[in-house]
Amino acid sequence: MESKFKIHNTQTRSLEEFVPLDPPRVGLYVCGPTVYGDPHLGHARSAITFDLLFRYLQYSGYKVRYVRNITDVGHLENDADEGEDKISKKARIEQVEPMEISGYYTRRYHQFMDRLNVLRPSIEPLASGHIIEQIEMIKVILDHGYAYLGNGSVYFDVQAYNNDHPYGVLSGRNIEDMISSGRTLDGQSDKRSPLDFALWKKASPEHIMRWPSPWSDGFPGWHMECSAMSAKYLGQRFDIHGGGMDLVFPHHDCEIAQSVAATGHQSARYWMHNNMITMEGRKMGKSLGNAISLEQFLTGDHPLLQQAYSAMTIRFFILQAHYRSTLDFSNEALQAAQKGLERLMEAARTIEKIPVSDASTVDVATLEADFRRAMDDDLNSPIAIAGLFDWVRVINSLRQGDGKITAQDKELLQNAFHVLLTDVLGLVDESETSGKEIVAPLMEMVLEVRKKARENKDWATSDIIRDRLAAVGIQIKDGKDGTEWEIK
RNA sequence: GGUCUGAUGGCCGAGCGGUUAGGCAGAGGUCUGCAAAACCUCGUACAGCGGUUCGAUUCCGCUUCAGACCUCCA
């Protein structure tokens with residue numbers, strides 16, 4: 001648990017050493033999905049980024065409480081006062097209960113995150129299950145004079161807040177700029193200023209999702225849930241708050257304002273944001289209509305996809321880029337990731353076949369040390385993976401008899417490689433579950449026949465066997481000491 | 001319009017004031033009955049123009065281009 005771990009803090013825009021408030025405990029809060037649609041690649045990036053953080057912190061010896069919310073209270077479609085929220089809208093279109101929608105898409109989200117080997121968070125609170133906490137927090141903000149009532153709704157008074165505390169500290173905005181560059185406001189009659197945002201919204205008659213409150217039957221504003229639920233489960237101060245970069249403003253700036261307005265201080269000490277996945281240079285997003293869902297990636301059922309991609313390929317593809325860089329989707333890039341991952345996994349399987357010697361010509365200790373150095377530098381997974389590939393070469397060379405390794409070092413290597421690959425990067429060998437055990441006896445038989453043919457220099461027969469097996473996805477490799485095979 | 005970020009070889013993608021990123025694709029070689037796999041070798045990329053410097057892809061300025069946020073958004 002050396003605390004030389006550095007992370008990029010969005011608020012200071014610089015690399016900072018990570019020092020937890022109460023080591024070895026770490027409190028981590030990440031904004032989860034709004035469950036009104038199928039998860040797409042963007043959701044995967046965010047989930048995988050913070051899954052990596054979660055795993056790496058645990059690997060580093062921390063006890064992490066990881067909270068990731070499910071937003072099942074519909075947000076308004078836009079900034080206007082009137083309008084339908086997304087979940088209600090979807091419910092109306094599909095003629096079901098709003099809770100049916102959020103329940104369905106929550107399950108879908110879990111299903112795909114499980115496939116991507118994204119660990120479930122420690123706590124996954126629902127916004128709809130914390131209406132009381134949100135109402136209580138709104139009351140405090142009202143008491144402190146940073147909010148006002150308007151026709152049954154409660155709005156955050158940005159101007160009043162800004163007089164005491166700077167607003168927009170995360171995004172680096174100031175309210176003068178925001179006012180001067182303000183967009184035209186239409187019909188926002190209840191708000192004093194277009195910068196103000198809703199803490200509680202009075203529900204219009206057709207609005208289905210509603211709860212009673214001291215002010216009206218309505219629903220909480222879209223920034224409230226994170227402030228209320230993070231405080232409930234992680235306390236008024238906690239370590240890391242994460243989310244997608246597109247949430248920096250207004251969502252996280254509003255969240256900061258709410259927390260400061262209620263408690264007098266900020267809640268999170270480090271803010272981390274993952275960058276977007278782009279598609280032909282443009283952000284991939286539902287609203288832009290260029291999002292490919294995870295299901296489509298897994299089935300290949302999308303006009304832009306040349307083939308299906310495995311969940312691990314997607315995970316590896318995302319891990320091969322730094323989380324703060326945009327990552328451009330293309331079939332070529334995914335296919336490259338697929339090949340690279342196969343090579344990595346193959347090497348992991350090869351380790352046990354390495355012959356041992358009485359001395360080592362390789363320094364196994366550098367494997368983990370180099371990996372940590374990369375990860376300590378703001379979770380630089382691409383460098384960490386590059387280091388693993390260096391060892392792929394070493395492993396394959398050792399396997400061929402170039403260089404030596406002791407039995408002890410071999411075991412260290414095997415353990416370390418497995419821990420880093422599987423536990424930290426979360427990359428699991430998909431081929432292990434592809435029914436190898438079932439075909440193994442058959443393969444033994446087939447290869448014996450082929451061996452006979454080869455001994456008789458009956459190349460035609462041996463090649464037919466090889467080609468037929470290749471056709472059904474089993475690759476044969478003739479080596480010095482026999483023939484190996486694997487399912488592709 | 002405001003705020004901010006980026007531009008790296010065929011593709012994806014790291015990085016840094018002078019030294020090999022890595023993966024995929026490609027070329028040559030070793031091995032092999034032939035393959036496949038593996039291993040070895042290779043390509044001299046850092047948008048353009050200035051500036052700082054002994055030296056810049058890396059620092060500064062300008063230009064061009066692209067993107068994100070300012071509306072729900074991972």
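In what follows, chains are A, B, ... by sequence order, proteins preceding strands, each numbered from 1.
At a threshold of 4.0 angstrom between heavy atoms, the contacts of A:Met245 with the nucleic acid are absent. As judged by a 4.0 angstrom heavy-atom cut-off over every strand, A:Leu344 is placed among residues making no nucleic acid contact. Residue A:Gly244 is in sugar-phosphate contact alone, with no base atom involved, counting any heavy-atom pair closer than 4.0 Å across all strands shown. Residue A:Asp478 is classed as a base contact, given a heavy-atom separation below 4.0 Å to a base. Heavy atoms of A:Ala333 sit under 4.0 angstrom from primed sugar atoms or phosphate atoms, though from no base atom. Contacts of A:Leu388 with the nucleic acid, taken as non-hydrogen atoms under 4.0 Å apart, are absent. Residue contacts for A:Glu332: at a heavy-atom cut-off of 4.0 Å it reaches the sugar-phosphate backbone alone, with no base atom in range. The residue A:Lys457 sits apart from the nucleic acid: no heavy atom pair falls under 4.0 Å.
Close to B:G15, at under 4.0 Å from its OP1 or OP2, lies a side-chain N or O of A:Asn380. An OP1 or OP2 oxygen of B:A14 is reached within less than 4.0 angstrom by a side-chain nitrogen or oxygen of A:Ser325. At B:A74, none of the side-chain N or O atoms of A:Arg45 fall inside 4.0 Å of OP1 or OP2 (strictly under the cut-off). Phosphate proximity of B:A74 to A:Asn274: absent, as no side-chain N or O sits under 4.0 Å from OP1 or OP2. Close to B:U32, at under 4.0 Å from its OP1 or OP2, lies no side-chain N or O of A:Lys477. Under 4.0 angstrom from either OP1 or OP2 of B:C4 there lies no side-chain N or O belonging to A:Arg173. At least one side-chain nitrogen or oxygen of A:Arg393 sits closer than 4.0 Å to the OP1 or OP2 atom of B:G23. For the OP1/OP2 pair of B:A38 and a distance below 4.0 Å, the side-chain nitrogens and oxygens of A:Arg343 include at least one atom meeting the criterion.
If you take CG of A:Asp370 and P of B:A14, they are 19 Å apart, rounded to a whole angstrom. As rounded to whole Å, 11 Å separates atom P of B:A74 from atom NE2 of A:His252. Residue A:Glu486 contributes atom CD, which lies 20 Å from atom P of B:A35 at whole-angstrom precision. Spacing between atom CG of A:Leu341 and atom C1' of B:G13 amounts to 16 Å, rounded to whole angstrom units. Note: OH (A:Tyr105) to P (B:A74) measures 14 Å, nearest angstrom. Taking atom OH of residue A:Tyr323 and atom C1' of nucleotide B:C12, one finds them 20 Å apart after rounding to whole Å. Atom CZ in A:Phe197 sits about 20 Å away from atom P in B:C69, given to the nearest Å. Atom-to-atom, CE of A:Met276 to P of B:G67 comes out at 16 Å; the value is rounded to the nearest Å.
When each of A:Arg13 and A:His322 is assigned the nucleotide of RNA chain B with its nearest heavy atom, A:Arg13 is the one assigned upstream, toward the 5' end. Residue-to-nucleotide proximity on RNA chain B shows that, of A:Asp328 and A:Ser46, the 5′-proximal contact is made by A:Asp328.
Among the nucleotides B:G23, B:G13, B:A21, the one closest to any side-chain atom of A:Ala336 is B:G23. Taking only side-chain atoms of A:Met284, from C-beta outward, the nucleotide of B:C39, B:A74, B:C70 with the closest atom is B:A74. Side-chain proximity of A:Thr34 to B:A38, B:A74, B:G67: nearest is B:A74. Closest to the side chain of A:Gln400, from the set B:C73, B:C39, B:C70, is B:C39. Closest approach to the A:Ala321 side chain among B:G13, B:C70, B:C12 is made by B:G13 (side chain taken as heavy atoms from C-beta onward). The side chain of A:Pro382 lies closest to B:A14, out of B:A14, B:G23, B:C34.
The partner of B:G67, taking Watson-Crick or G-U wobble pairs whose two distances both stay under 3.5 Å, is B:C4. Across all strands shown, B:U20 has no partner, as no Watson-Crick or G-U wobble contact with both distances under 3.5 Å is found. Searching all strands for a Watson-Crick or G-U wobble partner of B:C42 with both distances below 3.5 Å returns B:G26.
Nearest heavy atoms, A:Asp328 versus A:Glu280: OD1-N, 3.7 Å.
Side-chain contact between A:Thr10 and A:Leu170 is present, with at least one heavy-atom pair separated by less than 4.5 Å.
Under the 3.5 Å distance criterion, with hydrogens and angles disregarded, a donor-acceptor pair is assigned to the side chains of A:Ser310 and A:Glu430.
Across B:U19 and B:G43, the matching P atoms stand 15 Å from one another, rounded to whole Å. Separation of the C1' atoms belonging to B:A74 and B:A37 is 39 Å when rounded to the nearest angstrom.
We find that the ring of A:Phe389 and the base of B:G23 do not stack by the test of centres under 5.5 angstrom and planes tilted less than 30°.
No hydrogens or angles were tested; on distance alone, a donor-acceptor pair under 3.5 Å links the side chain of A:Ser462 to the base of B:G33. For A:Arg399 against B:C39, a side-chain-to-base donor-acceptor contact under 3.5 Å is absent. Contact annotation: side chain of A:Arg466 to base of B:A35, donor-acceptor pair present below 3.5 Å. The base of B:G33 lies close enough to the side chain of A:Asp463 for a donor and an acceptor atom to sit less than 3.5 Å apart. Counting distance only, with no hydrogens placed and no angle test, the side-chain atoms of A:Asp402 and the base atoms of B:C40 include no donor-acceptor pair under 3.5 Å.
Note on ring orientation: taking the six-membered ring where Trp is involved, the planes of A:His43 and A:Tyr109 are perpendicular (angle over 60°, cut-offs 30° and 60°). Taking the six-membered ring where the residue is Trp, A:Phe197 and A:His223 present perpendicular rings, their angle passing 60° and hence far from 30°. Ring pair A:His241/A:Tyr29 is tilted by interplanar angle, where 30° to 60° counts as tilted. Between A:Tyr56 and A:Phe371, the ring planes are tilted. Angles from 30° to 60° get that label.
Taken from CG in A:Asn274 to NE2 in A:His322, the straight-line distance is 10.5 Å, to the nearest 0.5 Å.
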